[in-house]
Novice: 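Take this structure, written in structure tokens, and hold onto it; I'll ask about it next.
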Amino acid sequence: MLLEVRDLHVEFRTRDGVAKAVNGVTYSVDAGETLAVLGESGSGKSVTAQAVMGILDTPPGKITGGEILFQGKDLLTFKEEERRKVRGAQMAMIFQDALSSLNPVLSVGDQLGEMFTVHRGLSRKDARTKAVELMDRVRIPAASQRVRDYPHQFSGGMRQRIMIAMALALEPALIIADEPTTALDVTVQAQVMDLLAELQRELNMGLILITHDLGVVADVADKIAVMYAGRIVESAPVHDIYKAPAHPYTKGLLESIPRLDQKGRELYAIKGLPPNLMNIPPGCAFNPRCPMAQDICRTDVPPLAEVDEDRRSACYFWRETLDARND
Ligand SMILES: Nc1ncnc2c1ncn2[C@@H]1O[C@H](COP(=O)(O)OP(=O)(O)OP(=O)(O)O)[C@@H](O)[C@H]1O
Ligand SMILES: [Mg+2]
């Protein structure tokens with residue numbers, strides 16, 4: 001397995017109290033595989049990713065438990081120096097907002113080239129050639145001219161392609177894309193997503209795709225991990241989830257996607273709000289919003305139980321949830 005996150009816990013210690021942002025996340029992704037991580041705002045998707053990349057905001061953030069095995073080695077035991085070598089060369093991250101992630105005063109050619117001069121010891125001239133190759137690879141038209149341009153001279157979609165090029169420069173084994181297309185308009189979103197998926201397949205990379213858009217997931221992901229209040233509540237191959245969710249929260253997410261074949265039907269929204277992470281309700285964190293909640297859900301935290309070999313659900317009533325698919 002390329003990456004295995006096991007029982008990860010992250011807290012933020014702030015003036016107002018301790019926010020339990022990640023409360024025992026377990027997920028994995030293999031070479032050539034795409035894991036989509038879903039969940040509402042504040043569910044801990046990005047914080048988990050930051051912990052994996054080693055870019056958690058510490059303090060106030062602190063990893064209080066768990067393991068992050070990358071190619072079999074626990075990154076949490078690495079020194080910062082070793083960690084830095086892994087970052088960039090072996091794993092890279094793509095963020096939502098390219099403009100604030102790219103350096104505004106360096107041409108894109110210089111930024112892409114820097115990956116090769118700094119990490120690979122190439123000459124400036126060779127690094128420039130590599131930069132143009134990368135820009136071609138992410139299909140930026142007229143790359144050999146545009147290599148001199150600055151980030152603000154590119155459209156949003158093109159900038160996101162440059163971010164992808166930066167991430168791919170050193171051919172990492174793992175890419176984490178955190179809402180990579182959210183800031184783009186819909187048609188450009190699809191192009192950028194297709195490009196990312198294509199390069200991922202070509203380079204046989206592991207991809208963790210963080211999104212709250214279940215719509216984009218179906219085409220590109222192999223498996224899905226659904227997060228709620230810092231926990232994985234369901235993990236499964238993508239087709240299984242679309243066929244029949246095994247957790248009421250996943251079911252709610254699925255029912256809230258607009259569907260062309262049901263135009264005019266009122267869009268379902270999950271009632272209520274996600275919990276305050278400084279005061280997560282006892283039992284299942286989803287219980288106050290759950291249409292299936294029983295007494296046990298209000299007292300006991302449901303374990304991530306095996307539904308079948310490659311599927312897990314943290315619901316006492318996953319069988320009933322599966323059976324209710326035709327409601
Ligand atoms: N720098 C920080 N300081 C304090 N608390 C933080 C910080 N970063 C994250 N948190 C806490 O961690 C929680 C989870 O944040 P995270 O960014 O992982 O959510 P997310 O699932 O990525 O949401 P979104 O879909 O909005 O990006 C936040 O709700 C917040 O309570
Ligand atoms: Mg986020």
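What's counted below: heavy atoms across the whole structure, side chains too, no hydrogens, waters or symmetry copies. Just so you know, ligand 1 is whichever comes first in the structure, and atom 1 is the first atom listed for that ligand. Note that this is a predicted model, so its numbers are computed, not measured.
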Novice: Determine all donor-acceptor pairs shorter than 3.5 Å in which one atom belongs to a side chain in residues 30-37; sequence neighbours excluded.
Specialist:
residue : atom : partner : partner atom : Å
D30     : OD1  : L2      : N            : 3.4
E33     : OE1  : D30     : N            : 2.8
E33     : OE1  : K223    : NZ           : 3.4
T34     : OG1  : Q200    : OE1          : 3.3
T34     : OG1  : Q200    : NE2          : 3.4

Novice: Find all atoms of ligand 1 within a distance of less than 4.0 Å from any non-hydrogen atom belonging to A21, and give their numbers and elements.
Specialist: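 Close to A21: 12 (O), 13 (C).
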Novice: With only distance considered, is K45 within less than 3.5 Å of ligand 1 through an N or O on each side?
Specialist: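 Indeed, backbone or side chain, K45 has an N or O that close.
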Novice: Going by the salt bridge (Lys or Arg N to Asp or Glu O under 4.0 Å) test, which pairs reach into residues 189-209, not counting sequence neighbours?
Specialist: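 Non-adjacent pairs meeting salt bridge (Lys or Arg N to Asp or Glu O under 4.0 Å): R137-E202, R139-E198.
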Novice: Nearest to atom 26 (O) of ligand 1, what protein heavy atom do you find, and at what distance?
Specialist: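 Protein heavy atom at minimum distance: S41 OG, 2.5 Å.
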Novice: Shortest non-hydrogen contact from Y228 to E40?
Specialist: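 Heavy atoms of Y228 and E40 come nearest at CE1-OE1, 3.6 Å.
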Novice: What do you reckon, does G39 put a non-hydrogen atom under 4.0 Å from ligand 1?
Specialist: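 No, G39 has no heavy atoms under 4.0 Å from ligand 1.
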Novice: Can you list the atoms of ligand 1 that are under 4.0 Å from a heavy atom of G44?
Specialist: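 Counting atoms of ligand 1 from 1, those under 4.0 Å from G44 are 14 (C), 18 (O), 19 (O), 20 (P), 21 (O).
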Novice: Show which atoms of ligand 1 fall inside a sub-4.0 Å distance from at least one heavy-atom site of P60.
Specialist: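 So the atoms of ligand 1 that pass are 3 (N).
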Novice: In Å, rounded to the nearest 0.5 Å, how long is the span from OH of Y249 to CD1 of I270?
Specialist: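 Taking OH in Y249 and CD1 in I270, the distance rounds to 5.0 Å.
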Novice: With a 4.0 Å cut-off, would you call D308 and R311 a salt bridge?
Specialist: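 No, no charged N to carboxylate O under 4.0 Å.
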Novice: Is E179 near ligand 1, meaning one of its heavy atoms is under 4.0 Å from it?
Specialist: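 Contact present.
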Novice: Could you check whether any side-chain N or O of D97 sits under 3.5 Å from a backbone N or O of A183, counting only pairs where one atom can act as donor and the other as acceptor?
Specialist: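 It does not hold such a pair.
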Novice: Check each heavy atom of D57 against ligand 1 and say whether those closer than 4.0 Å belong to the side chain, the backbone, both or neither.
Specialist: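 The answer is the side chain of D57.
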Novice: To check your reading of the model: name the closest protein heavy atom to atom 7 (C) of ligand 1, its residue, and the distance in Å.
Specialist: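 Closest protein heavy atom to atom 7 (C) of ligand 1: F12 CE2, 3.3 Å.
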Novice: Check each of L38, I210, V47 against atom 18 (O) of ligand 1 and report the one with the nearest heavy atom.
Specialist: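 The nearest heavy atom belongs to V47.
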Novice: Just heavy atoms, cut-off under 4.0 Å: does S46 contact ligand 1 by side chain, backbone, both, or neither?
Specialist: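 S46 to ligand 1: contacts from backbone and side chain alike.
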Novice: To which protein heavy atom is atom 14 (C) of ligand 1 closest, and what is the distance rounded to 0.1 Å?
Specialist: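 Result for atom 14 (C) of ligand 1: G42 O, 3.5 Å.
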Novice: So which of L134, V132, V138, I140 actually passes side chain to side chain contact (heavy atoms under 4.5 Å, CB included) with D136?
Specialist: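 Exactly one candidate clears the test, V132.
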Novice: Tell me who clusters with M292, hydrophobic residues only, linked when side chains sit under 4.5 Å apart either directly or through other members.
Specialist: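 I296, Y316, F317, all in the cluster of M292.
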Novice: If you draw a 6.0 Å radius around CZ in R298, do more than 12 non-hydrogen atoms from other residues or ligands fall strictly inside?
Specialist: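 Enclosed: over 12 neighbouring heavy atoms sit under 6.0 Å from CZ of R298.
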Novice: Between D110 and R148, does any NZ, NE, NH1 or NH2 come within less than 4.0 Å of an OD or OE carboxylate oxygen?
Specialist: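 Answer for the salt bridge query: no.
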Novice: For E4, is there an ion pair with R6 - N to carboxylate O distance below 4.0 angstrom?
Specialist: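 Yes, charged N to carboxylate O under 4.0 Å.
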Novice: Would you confirm whether H152, through its side chain, and P104, through its main-chain N or O, come within 3.5 Å as a donor-acceptor pair?
Specialist: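 No; zero donor-acceptor contacts below 3.5 Å.
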Novice: Protein N, O or S atoms at less than 2.8 Å from the Mg ion (ligand 2), how many?
Specialist: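 Those protein atoms number 1 in total.
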Novice: Given D16, L277, T58, N276, which one has a non-hydrogen atom that is nearest to atom 31 (O) of ligand 1?
Specialist: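 Closest candidate by heavy-atom distance is L277.
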